[in-house]
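The block underneath contains the structure these notes are about, expressed in structure tokens.
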Amino acid sequence: MARQKWSADEDIFKLFHSIGHASLLSDIQDSHSGNMAMRWKNAQGKEVIVITATGSQKGDLEPRDLCYLSPVEIDSGYYQASSETDIHVKILSLPGAQASMHAHVKELVMATLDDQPAPKTPPPFIPVDPLAFYHLGPEIPVDWFAVPSGSPEMAKTIPARLKDHPLTVIYGHGAMTRGRTLKETFFNLCLASNAGYIVRLIERQIRSTRVKRHALKTPEKQEKNLPPEAPLPVGQCPELEDLRSKMKAAPESYFHFCPAPYNPDIENRCDFPEEEEIIKEFRRAGNRLFESRLSPFHTGSMSVRGVDYLFYAPQASMPYEVGAPLLKLPLAPEPGDDVELLLHKKIYAESDFQTLIHAYVPEAEAHAHLIYPGEEAPIEKIIPVDAEGSFMYLVIPVLPPKVAEDQLITSLSDYKVAVVRGGGVWAAGGLSLSEALHHPSSLREICLYRLAAVERGLDLRKMEPEKAKKW
Amino acid sequence: MAIPGYHGRVLDIDLSTGNIKSGALTPEDILLYLGGRGLATKLFFDRMEPAADPLGPDNVIIIASSPLVGSQAPTAIWGYMVFKSPLTGYLGGCNLGGNWGRAFKASGYDAIIINGCARQPVFIDLSPEKIEIRHASHLRGKNISESINLLTSQSPGSRPCQALVIGPAGENLVKYATVASDKYSLYNRGGSGAVFGSKNLKGIRVCGEEKIRISDKARYQASLDQANYLLKQSPITRRLMRELGTAGFVLLARHLNMLPHRNFLDAEPDVEKVKAISGEAIARCYLEKADSCYECPIACLRQTAIKTNDACLRCGQGPEYETVAMMGSACDIYDLDCIIRASYLAGELGLDAVSFGGTVACAMELAEKGYLTSGQSGDLELKFGRSELLEKLVELTAYRRGSGHLLAEGSYRLASACGHPELAMQVKKLEIPGYDPRASYAQALGYMTSPTGACHRRGGYAASLSLLGGNKGIPRFSLFQSPITIRNLQNTGIIQDSLGVCYVTGFAFGVEPWSRIVSSITGYDFSAARLEEIANRVASLERLFNLQAGLNPEEEGLLPSRFAEIPIMSEGKPRAISRENMLQMCRDYYRARGWNGNGRPGDSYLKAMKVEPKKAES
């Protein structure tokens, strides 16, 4: 079958362009890496596969960068399409798979590197954050390939992996994923990147504090005549593995709640077109959540309350170009409301807040697992050590995963922002979305400074202002 | 021993009998109503007969202080006064900065209750040794600064003292007369001066050195550090207010089509003309120095002077944004010299510049349309833009001479007397201040639901968020969001008024730092949620009083028809607020407050709020 055309349909091109640009902003691609594909019915009603051309710049796609292929036969278009076209075609033949995407998810690749000799069989990646754990699964497969780019071996293994998993890792290269829509595939890849980032942050945090913990325990051990702690082999982090195994065994004890499944059916819904200013606010805040990496693509939620209704963005992190659904829902709880929506409603019912944002700030998620040297339990509050943060917030509470709703609401009343370990960041605004947005944004900076202090071997508790410790 | 931050004492003075009693402030009142506005409203509600004549002996004046006043908390120097307003017939309430609030707190009392009526002019003399009601015949007819000078220069033992006085406008029962201290710090809206005047009360002098206790000094200092830091961080509290004062809002308001023009006929006065009355123009041509209330770090007040060839002709304080907007563009007047002169004189004679400006603007429109007869105008040829008349009109009004007699009644009574009440730009007979409600639906709702009438401060200062809200900037034209926004802004205002702090701090931070400060001072947990709860309680009590005083929300609680019928252009679209939308926003607001559809707090709600319902039922 001949290549059909090189001038893309406007809508399909906009979709590819927006996702491509967003993937570059998410830093899951380099200038030319990765590829996207989806099944699509063209104007003639014929089903085709749309796929990005090889060597195209995914962040700045042109209409000529989209190839339209037959799903059943090879044509010349294949040679201009992605080098991984064969893999995509097979993935798109899986039941329910309408879209597939490959990206250089660096954070996840870095988190899965090992120094074992090739050929190797890497262990699966076990995420420690609720988004990846629940959306991508408690074990994400990792495969090593002798030829890790467009090889027949990959075309065989990867579709098989994606029968049972939404996403799979290509060792040292990236990840491939399938979804019902292109947005869902991008969602999966962003979660994967976020999961790798969080694991790496936690690991760095543990390694940086280990020396101090060791030193602190030594006198006790001497007193009790215990042997000194053996030095750890490079590359191993038993504390992280311990956390992973406990999470796998009892996720409900480590995560606040299971996020609702990704819903592709409400993609472009907007229930309140007449409220132009509020729509603009949602899009502005959503874009900031996305671009500033305060929450992975289409994760988190935000709302503005009215008297009887709330305006609700269930996929809060949204690039301008891609957007997300904006719903008008009754304030009263309804059957079928998911946990996250119910929490918005509950908070509004018991407070005067007008806006709420729930975001999965990766730095906060990781930092909430910090255990100070000499202590057994993770931190219960984040005390800013930077100038701006320490005056904006004397402290920010870190609540346990199984926090009671009332305690979360009280914390929000007192601090306007609270971290739930294994549950993201909740922030409230008295008036505007922008006000609520400021909190996760500040919190990210606060955590970055604290994480940097830990990594440099500084003693955080010496840096924390005394006055803040009282709050 | 009193709760830290309080003295635990309330002074009760009956001017008719001369009885003076000192009572105890109950811990319950403190914990449920906090201080300032909350406490004053509670004391007022318990004592005031809603149907009483505002200018009769049964009107009760409550002045209350707050737990933060007397501490080093930034801007915590404000006092709050509650009374029944002679202008509106409903709750009157306003606050006052300057130095008086702190001096009053140092007298050793948390609140003063004044009722009855003296037979001749008197002033209340409050000193550590004794409390007296003293003759004030020598102060009769004196303007504000003369009265203050006379009282403070003759204090017992020559100790430093502060005075709160009325001017001729108050003595002449001008319905929007003010009470003033420090020459130009005013309890300015709703006619408190007329209530003082009706009681033959010329003023109150206070001196004392009582201090408050601080419960947890380390926490107190930490929370003060935070609040002060945040004030220094905000460009508004750090620079704009100090450099341009509130008049710095003039050009900002014009750019948003929010600045009133010709009695709110439109909101587009000529930009070049507006520049001539802007805060920038004041700073360039009249500002002597930025001034402040007691130890306030913001320093938004203006010490100004009118000079000719470097010779100072007159000097004084201001003008503020409201004065410029209402005596200026609302009257189509752009002669800053005239506005400042009139502003000085209004301050000296004790007139609320907002209501005065609004009433004059109304009179100008009535006159231009031929509804104001020459007899009513006293042969003054009133029309928009006649700046040379401003100062004269201030004087006529304060002394109720000629056309001033009608102007002294406020815009609604003036327009009604001319047969066109719809031309009065007011809500509950209180003149709309200098923010066009069509340019901010939330502000419009704030005017409609304010307990004191069209007051941006009591109604929720939504316009300020449009001008300088930063991350609190709200949609200006959202029917959906405005009811909750206004409830929350009103609550913030109630909390600020009850803590005795300045609203300007709201540009830098919200309630949380105040929660920490008041908790550390008192030793009680006044969390942000608890402060909100107090605010909801106070709002309900204020509403109850107005309903008992006969308020019909649909008759008197809506904006004039002009705002529904004549759109202004804003953000490229015509903007008006239909009566239907006004009613819908009000109904949504009532429900947001937990009240019923008619705006009445129900029994179960009152019970949950711990508001004593028996008064409500009586």
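Each chain gets a letter, A, B and so on, in the order the sequences are listed, and its residues count up from 1.
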* To do: Specify which of Asp352(A), Leu431(A), Thr410(A) makes the most heavy-atom pairs with chain B at under 4.5 Å.
  =>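 When all of Asp352(A), Leu431(A), Thr410(A) are compared, Asp352(A) has the most.
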[X] and [Y]: which non-hydrogen atoms are nearest, and at how many Å?
| X | Y | value |
| --- | --- | --- |
| Ala528(B) | Ser413(A) | CB-O, 3.1 Å |
| Ser432(A) | Gly473(B) | CB-O, 3.3 Å |
| Glu435(A) | Lys472(B) | OE2-CE, 3.6 Å |

* Asked: What part of Tyr393(A) gets closer than 4.5 Å to chain B, counting heavy atoms only: side chain, backbone, both or neither?
  ->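 Backbone of Tyr393(A) only, per the 4.5 Å heavy-atom cut-off to chain B.
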* Asked: Which atoms of Lys416(A) come close to chain B, meaning under 4.5 Å heavy atom to heavy atom: side chain ones, backbone ones, both, or neither?
  ->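 For Lys416(A), the side chain is the part near chain B, not the backbone.
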Could you look at [X] and say if it's the side chain, the backbone, both or neither that has a heavy atom under 4.5 Å from chain A?
| X | result |
| --- | --- |
| Asn536(B) | side chain |
| Leu531(B) | neither |
| Lys573(B) | side chain |
| Ile484(B) | both |

* Heavy atoms, side chains only, cut-off 4.5 Å: are Glu274(A) and Leu479(B) in contact? ->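 Counting from C-beta outward, Glu274(A) and Leu479(B) never come under 4.5 Å.
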* Would you mind reporting whether Gln233(B) and Glu388(A) have side-chain heavy atoms less than 4.5 Å apart? =>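 Yes, at least one pair of side-chain atoms sits under 4.5 Å.
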* Asked: Okay, side chain of Gln354(A), backbone of Gln481(B): is any donor-acceptor separation there less than 3.5 Å?
  ->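 Yes, Gln354(A) side chain to Gln481(B) backbone: donor-acceptor pair under 3.5 Å.
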* Asked: Between Arg476(B) and Glu277(A), is there a donor-acceptor pair closer than 3.5 Å when you use the side chain of the first and the backbone of the second?
  ->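 Not a single qualifying donor-acceptor pair exists.
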* **Winner by heavy-atom pair count (cut-off under 4.5 Å) against chain A, out of Arg530(B), Glu571(B), Glu532(B), Glu533(B)** =>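 Top option by heavy-atom pairs under 4.5 Å: Glu532(B).
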* Count the heavy-atom pairs under 4.5 Å between each of Phe477(B), Phe509(B), Tyr589(B) and chain A, then report the option with the highest count. =>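 Looking at each option in turn, the highest pair count goes to Phe477(B).
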Gap separating the [atom1] atom of [X] from the [atom2] atom of [Y], nearest 0.5 angstrom:
| X | Y | atom1 | atom2 | value |
| --- | --- | --- | --- | --- |
| Phe353(A) | Asn488(B) | CZ | CG | 9.5 Å |
| Arg516(B) | Asp414(A) | CZ | CG | 8.0 Å |
| Leu310(A) | Phe480(B) | CG | CZ | 6.5 Å |

* To do: Give the intermediate values and the outcome of side chain to side chain contact (heavy atoms under 4.5 Å, CB included) for residues Arg587(B) and Val307(A).
  => CA-CA 10 Å; Arg587(B) 282 194 288 263; Val307(A) 180; over 6 Å; no
* Verify the neighbour count for atom OH of Tyr605(B): are there more than 12 heavy atoms of other residues, nucleotides or ligands below 6.0 Å? =>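 Yes, OH of Tyr605(B) has more than 12 neighbouring heavy atoms, counting only those of other groups under 6.0 Å.
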